[in-house]
Structures are given as C-alpha cells and as structure tokens.
Number of protein chains: 2
Amino acid sequence: MAAERRRATIYDVAQAAGVSKSLVSLVLRDSPSVSAPRREAVLAAIKELNYRPSQAATALAGGTSQTVGVVIDDYTNTWFVELLRGLQEGLASAGLRIAVSDRSLNAHIESDPLDGFLSTRVEALVLATEPTPAMRFPSQIPVIIAGNRATQIPGADITCSDDRLGARRAIEHLISLGHQHIGHIAGGGGASRLRLNGYRDALTAAGLKEHIVSVSELTTEDTGYQCTRRLLKDAGEITAILAGNDSMAMGAMAAAQEAGLSVPEDLSIIGYDNSPLSDTHLLHLTTVDSRNHELGLHVATQVLSRLADPEREAQRVQLEPLLIERGTCAAARNA
Amino acid sequence: MAAERRRATIYDVAQAAGVSKSLVSLVLRDSPSVSAPRREAVLAAIKELNYRPSQAATALAGGTSQTVGVVIDDYTNTWFVELLRGLQEGLASAGLRIAVSDRSLNAHIESDPLDGFLSTRVEALVLATEPTPAMRFPSQIPVIIAGNRATQIPGADITCSDDRLGARRAIEHLISLGHQHIGHIAGGGGASRLRLNGYRDALTAAGLKEHIVSVSELTTEDTGYQCTRRLLKDAGEITAILAGNDSMAMGAMAAAQEAGLSVPEDLSIIGYDNSPLSDTHLLHLTTVDSRNHELGLHVATQVLSRLADPEREAQRVQLEPLLIERGTCAAARNA
DNA sequence: CTGAAAGCGCTTACAG
DNA sequence: CTGAAAGCGCTTACAG
C-alpha cells in the first residue's frame with residue numbers, strides 16, 4: 001500500500017496474473033486469441049495494480065501514436081466545439097484519440113504551431129483554422145482541412161460546408177421577408193470570402209444594391225460592432241444585416257441597440273455558424289448552421305480512409321448548410 | 001526529395017553533422033558543454049533533415065513526459081482561457097507543456113477522465129473543474145486544484161480566488177448604489193456555494209432580506225434565464241441581481257428584457273468571472289474578476305515547487321477578486 | 001498460449 | 001567532445 005512505489009509495468013501485471021508478458025500485451029490490444037479465464041486474470045491484475053500502459057512505450061514500440069492532431073484558432077470562439085465532438089466520435093471506433101492545439105495560445109512559444117504534433121508523430125493533422133505561413137506541412141502525414149480556408153494545402157483533403165450557398169440562402173430569406181436594403185459585415189479568411197460572394201449572388205439575382213463593410217481581418221464581436229456602426233452611418237436605409245459569423249452578429253446587435261434600433265422590428269440580423277452563442281435566450285439569433293457535428297464526422301472518415309490508402313487522390317466533401325430561424329428576423333417595415 | 005522516405009532520427013542528424021549521437025542529444029537539451037561550431041553544425045543538420053525528436057522516445061528514455069495535464073469542464077464556457085494562458089506562461093520556462101482535456105467531450109469514451117493523462121505519465125494534474133466520483137487520483141503525482149471546488153482532494157494544492165469576498169464586494173457595490181432588494185441566482189459547485197455565502201454575508205451585514213433562486217446544478221445561460229424568470233415572479237420588488245457567473249448573467253439579461261425591464265435602469269445585474277463574454281459591447285457586463293491569468297501563473301508555481309519537493313505540505317493560495325465596473329449597474333430607482 | 005529476442009528512438013552515465 | 005553500452009516499457013514476429 002506504499003504510495004510511492006514504482007509504477008507497475010507489463011512485467012508486474014504478467015507476474016501478478018501468472019502469465020507471460022506477451023499475453024498481457026495481447027490482452028491490452030484486445031486480441032481474440034486469448035482465453036476468457038486468462039483474460040480475466042490479466043484484467044484483474046491490471047485493476048489490482050492500477051496499471052496504465054505507458055503511452056510513450058506503446059507509441060515507440062508500436063510505431064504509431066494513435067492520435068490525430070487538431071489545430072483550432074482560438075478557444076474563445078466556440079464554433080469548433082461540435083466539430084471536435086463529431087471528429088472524436090468518428091475516430092473513437094478506430095481507436096484514435098485527438099489532441100487539440102490552440103493557435104493563439106501557442107503563438108508565443110513556438111514558431112511552428114505544428115511542431116508539437118510532429119514530435120508526437122500524429123497519424124494525421126486536422127486544420128480547423130486558416131493555415132499560416134509559419135506552418136510547414138509534412139508531406140508524410142495526411143492533412144485534412146475542416147472548413148473553407150483562403151490558403152490551399154497541396155494534397156490535403158477538405159471537408160467543408162457550402163458557405164456561399166449558406167449566405168445566399170440567408171439573403172434570400174431576408175428578401176422573402178421584403179427587405180430591399182440588406183447590409184453585410186465581413187471579416188477575413190476563406191469562409192468569410194465565400195459568404196460575401198453568396199451575399200452578392202443573391203443580391204445580384206434580385207437586382208438589389210450591395211452594402212458591404214469590412215474593417216478588419218478579425219471576426220470578433222468588436223469587429224461586428226465596429227462594422228455595423230459604420231454601416232448604419234453610411235447606409236441608413238438598410239433594414240437587415242447578414243453578419244460574417246455569430247460573434248460579429250452579436251456585435252451588430254449591440255450597435256443596433258446603441259443606435260436605438262430594435263431587433264428585429266427595425267433591423268433584422270442573421271448570423272453564421274449556429275454556435276452555442278446563437279442559441280441563447282439573449283441573442284436567439286437566426287443563423288446559418290454549417291452542421292459542424294456532421295462535418296466532424298466526415299473529417300473523421302477522411303482521416304481513416306486516407307490512413308487506409310495514403311495514395312488515394314485528395315478529395316473534397318461539401319455539406320449543405322441549413323438556415324436556422326430564430327428570433328432576429330422580421331418582415332421589412334415598409335414591405 | 002522523395003516524400004515518402006523514412007523519418008529522420010538522431011542517427012541521421014549525427015551523420016549529417018559529422019558528430020556523435022551523444023552530441024546531438026546534448027544539443028537537443030541545450031547543454032552548455034557544446035562548442036558553438038558543432039552546435040551550429042547540428043542545428044543545420046536538424047533543419048536540413050527536418051528533424052523533430054520523437055516525443056515518445058524522449059519521454060521513455062528520459063523517464064519524463066514534460067507535460068502537465070489540465071482538466072476543464074467544457075469548452076463552451078470560456079472562463080478557463082486566461083487560466084490556461086497563465087498556466088502555460090508559467091510552465092514554459094521550465095520546459096513543461098500542457099495538455100488539456102475537456103470533461104464533457106470525453107464523458108462518453110472513457111470512464112475515468114484522467115486515464116489518458118496517466119498513460120501519458122503527466123508530471124502533474126491541474127483540475128479546473130469539479131472532481132467527479134469517476135476520477136481516481138493517483139497518489140504518485142502532484143494534483144493542483146484551480147478554483148474553489150466542492151470536493152476536497154487529499155494532498156492536493158489549491159490556487160483559488162476568494163469567491164466569497166468577490167460576491168460580498170459585488171453586493172456591497174449594489175448596496176452603495178441604493179439597492180435594498182437584491183436577488184441572487186446560483187448554480188452548483190464549490191465556487192457557487194462560496195459566492196452564495198458572500199451574498200449572504202453582505203446582506204446580513206446590511207440587514208437586508210435574501211432573495212435566492214437556484215434551479216439546477218448547471219451554471220449555463222439557460223439556467224440564468226430560468227432562475228431570473230422565477231426570481232422576478234416571486235420577488236417583484238428586486239432591483240438588482242448577482243448572477244453566479246457571466247453565462248448566467250447573460251440569461252438574466254434575457255429574462256429582464258423579456259419582462260420589459262431595462263438594464264440597468266430598472267434592474268442592475270452583476271456577473272462573475274470577467275469572461276470574454278462579459279467584455280462584449282452587447283453585454284458590457286459589470287462583473288467580478290477572479291484574475292484567472294494570475295491564477296494560472298500561481299498554479300504553475302505550485303506545480304513547479306511541488307515537483308521540486310514532493311514532500312512539502314499541501315498549500316493553498318488565494319487571490320483577491322476585483323470588481324470590474326461596466327455598464328449593467330445603476331443607482332436604485334427610489335434610492 | 002509461452003519464452004526468448006530484437007527493436008522502436010531516444011537518454012544517461014562512463015571510460016577514454 | 002566521442003563511442004560503446006545499457007535501458008526506458010512496450011510490440012512484434014517466431015519457434016515451440
């Protein structure tokens with residue numbers, strides 16, 4: 001019962017169970033060629049000794065880390081949560097775990113955000129953020145891009161949502177509500193660009209005029225607030241706004257409130273991402289759902305198929321987004 | 001230039017640099033006993049070969065993973081972001097990295113959320129969440145609790161903020177603004193309990209009556225919304241609310257709005273955590289800052305000192321919280 | 001199923 | 001600084 005004794009190894013387990021180390025190894029990897037009684041004995045010894053296989057030893061000896069590295073932008077914008085969940089679900093059956101790295105958190109300490117993952121010898125890399133010049137992509141391991149990005153990675157698979165279509169649908173919804181003057185506030189990045197194009201598509205098709213404001217590469221609440229202030233000042237006639245994402249939509253709501261406009265009575269607002277934020281009582285935001293959980297599941301499929309066949313051609317999967325109607329849209333005033 | 005060649009090892013680097021493997025190992029660990037020219041040669045070879053030391057091999061041979069495991073509740077509530085940042089800053093100088101695990105994400109796949117970390121042989125465990133019965137704490141490695149928790153872990157160090165004091169200060173602030181009927185909406189967990197006590201302390205000292213609502217163990221936006229609806233119904237006289245955290249405060253704002261109350265004109269609201277959410281234009285929430293960044297720094301200090309002296313007694317560090325005045329408090333109507 | 005053997009890619013002394 | 005050696009805790013064949 002001494003707390004400070006040496007950690008149990010596979011040898012200790014074998015000895016306690018009265019079997020060979022080889023057998024223990026087989027049990028650990030769920031081999032079918034182990035008889036029930038022996039398996040029980042080993043499991044009992046594992047429990048008794050509080051044994052946990054050393055990941056370092058397993059990885060080194062097996063030549064495989066069994067982990068997939070995921071890079072996200074920033075823990076603060078929670079759009080990625082459902083994606084992670086889907087990814088993990090899809091990978092679990094194959095015995096793969098995920099490790100996540102936050103770009104902004106690691107920005108200070110290492111030049112290349114991928115370094116840690118490469119040292120870990122991850123089986124694959126999932127990018128849920130815009131690639132940066134500092135990232136040197138290894139040619140040996142599969143790279144899967146989650147979402148639309150501005151930069152292309154040669155050879156990488158892509159799972160994304162049709163952002164252009166999503167934005168178009170959002171605008172079509174506003175038009176169907178009678179809105180004629182619809183603004184768009186945009187940030188930077190690949191998804192933002194497509195959403196902007198979708199906005200344009202819909203307006204052009206309807207013969208309406210564009211009102212676009214984009215003040216920064218960021219897509220934060222503050223960005224949304226600043227853009228909206230500017231938009232309301234420059235184009236007072238607008239009665240609806242499509243925001244580049246939910247955070248920006250939140251900022252738009254603040255700017256509207258400040259300007260004395262009621263949402264949705266005076267101003268309709270649509271966000272993008274269907275993030276946890278949008279589904280609050282306070283925002284109750286109409287938004288576009290990229291179906292991030294399913295997206296995560298698809299990314300998992302791509303990881304697995306690419307691992308099974310490293311030579312297969314890069315593929316691109318695109319999901320259709322869904323408009324989620326909540327409480328921030330209403331018919332235009334003078335419609 | 002063949003992409004599929006074998007990954008470089010320390011042997012390849014040694015050969016390319018024309019030195020021994022031992023020397024490469026010394027360079028990797030920044031040994032001072034290496035001459036500049038040889039160091040240059042090794043670094044050049046590392047770059048040339050795109051070499052990254054195998055974490056598995058390093059950990060296994062060195063007998064140390066150099067990583068600290070951090071368990072958080074849930075990526076959705078972003079209060080932990082600054083804590084992680086502080087922790088990482090404090091650990092970086094010692095060459096320790098952090099690995100984070102989200103409880104809710106892992107809930108499905110493994111019984112004990114700590115299992116993964118134990119397999120990794122983390123040097124220490126940081127708990128930024130309420131301990132659950134499923135967690136079996138190893139006696140061999142340091143455990144540090146970040147924040148106030150309902151459950152005690154024998155032998156663990158604690159770094160927390162004085163939640164009781166923070167809540168008391170918040171209430172005192174409201175009282176100084178003339179509020180006589182102040183409600184509190186609370187969730188579950190150790191921090192919530194202390195904040196509740198702080199609320200009581202202040203009211204008792206001022207001879208005021210309590211109005212407390214707590215409908216669940218959760219501390220989400222929805223919880224805050226439900227609690228506030230109930231509070232407004234049961235105690236219509238209240239003019240101010242202290243929420244258990246910022247998410248709940250957000251829900252409170254929604255309930256107030258729904259009830260036709262303006263914040264802060266009709267109802268003052270104070271949150272808790274100074275989370276990214278509170279610092280938005282839309283909420284602009286007066287809140288209590290637990291100084292999570294500093295808290296993370298202190299946790300790092302505890303990790304390091306405990307690693308240096310495993311026998312030292314468990315210590316408890318407590319920070320003084322700060323009231324952050326923003327826009328959700330005003331003088332009471334009939335003060 | 002066992003047992004002995006080799007090896008994964010490093011670190012750690014240690015003699016020179 | 002080098003070089004040879006042992007070892008970290010596993011996995012992977014392989015002969016029995």
Side-chain angles (χ1 to χ4, degrees), chain A residues 5-43 45-46 49-67 95 115-116 118-123 140, chain B residues 5-43 45-46 49-67 95 115-116 118-123 140:
Chain A
R5 72 182 156 200
R6 192 175 57 81
R7 248 198 195 94
T9 71
I10 202 171
Y11 288 86
D12 303 316
V13 174
Q15 191 171 18
V19 301
S20 68
K21 308 106 214 170
S22 307
L23 208 247
V24 175
S25 182
L26 289 174
V27 170
L28 285 178
R29 282 166 302 116
D30 268 332
S31 164
S33 60
V34 179
S35 70
R38 294 194 189 255
R39 158 170 278 120
E40 298 306 320
V42 170
L43 292 177
I46 285 176
L49 295 174
N50 210 14
Y51 170 75
R52 305 274 149 68
S54 154
Q55 218 220 270
T58 307
L60 189 57
T64 157
S65 64
Q66 299 288 80
T67 113
D115 263 5
L118 297 183
S119 271
T120 306
R121 305 287 189 257
V122 292
E123 313 294 333
Q140 305 96 331
Chain B
R5 69 181 157 201
R6 191 177 56 83
R7 244 195 199 99
T9 71
I10 201 170
Y11 288 86
D12 303 316
V13 174
Q15 191 171 20
V19 301
S20 69
K21 309 105 212 168
S22 307
L23 208 245
V24 175
S25 183
L26 290 175
V27 170
L28 285 179
R29 282 166 303 115
D30 267 334
S31 165
S33 61
V34 178
S35 69
R38 294 195 190 254
R39 156 169 281 120
E40 296 308 319
V42 171
L43 292 178
I46 286 176
L49 295 174
N50 210 14
Y51 170 76
R52 305 274 148 69
S54 154
Q55 219 221 269
T58 307
L60 189 58
T64 156
S65 64
Q66 300 287 81
T67 113
D115 264 7
L118 296 183
S119 271
T120 305
R121 306 285 190 259
V122 292
E123 312 295 333
Q140 304 96 329

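Chain letters run A, B, ... following the sequence lines, proteins first, then strands; residues in each count from 1. Only heavy atoms go into these numbers, but all of them, side chains included; no hydrogens, no water, no symmetry mates.
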So, is [X] close to the [N] phosphate, meaning a side-chain N or O under 4.0 Å from OP1 or OP2?
| X | N | value |
| --- | --- | --- |
| A:R121 | C:dG9 | no |
| A:Y51 | D:dC10 | yes |
| B:S22 | D:dT2 | no |
| A:R29 | D:dT12 | yes |
| B:S25 | C:dT11 | yes |
| B:R7 | C:dG9 | no |

Can you tell me the distance, in whole Å, between the [atom1] atom of [X] and the [atom2] atom of [N]?
| X | N | atom1 | atom2 | value |
| --- | --- | --- | --- | --- |
| A:I10 | D:dC8 | CD1 | P | 14 Å |
| B:D12 | C:dC8 | CG | P | 12 Å |
| B:Q55 | D:dC8 | CD | C1' | 15 Å |
| B:L118 | D:dG9 | CG | P | 16 Å |
| A:L26 | D:dC10 | CG | P | 14 Å |
| A:Y11 | C:dA4 | OH | C1' | 10 Å |
| A:Q66 | D:dC10 | CD | P | 16 Å |
| A:Q15 | C:dT2 | CD | C1' | 16 Å |

How about A:V27 and A:V13: do any of their side-chain heavy atoms sit closer than 4.5 Å?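 A side-chain contact under 4.5 Å is absent here.
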
Hey, which of A:L43, A:I46, A:D12 is the one that makes side-chain contact (heavy atoms from CB on, under 4.5 Å) with A:Y51?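 Only one option passes, and that is A:I46.
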
Can you tell me if B:T120 uses its side chain to pair, donor with acceptor, with the backbone of B:V122 under 3.5 Å?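 No; zero donor-acceptor contacts below 3.5 Å.
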
Is there a donor-acceptor pair closer than 3.5 Å between any side-chain N or O of B:Q66 and the backbone N or O of B:A59?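 It does not hold such a pair.
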
Between A:L28 and B:L23, which is nearer to the 5' end of DNA chain D once each is assigned its nearest nucleotide?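 First, find each residue's nearest nucleotide; the 5'-ward one identifies B:L23.
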
Using a 4.0 Å heavy-atom cut-off, does B:G62 contact any base of the nucleic acid, only the sugar-phosphate backbone, or nothing at all?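 Sugar-phosphate contact only - B:G62 comes under 4.0 Å of backbone atoms but never of a base.
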
Between [options], which nucleotide has the shortest distance from any of its atoms to the side chain of [X]?
| X | options | result |
| --- | --- | --- |
| A:S20 | C:dC8, C:dG9, C:dG3 | C:dG3 |
| A:L60 | D:dG9, D:dT12, C:dC10 | D:dG9 |
| B:V19 | C:dT2, C:dC10, D:dT2 | D:dT2 |

Tell which nucleotide pairs with D:dT2, taking only Watson-Crick or G-U wobble pairs whose two distances are both under 3.5 angstrom.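 Base-paired to C:dA15.
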
So which heavy atom on B:T58 is nearest to which on B:P53, and how close?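 In terms of heavy atoms, the two residues are closest at OG1-CB, 4.2 Å.
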
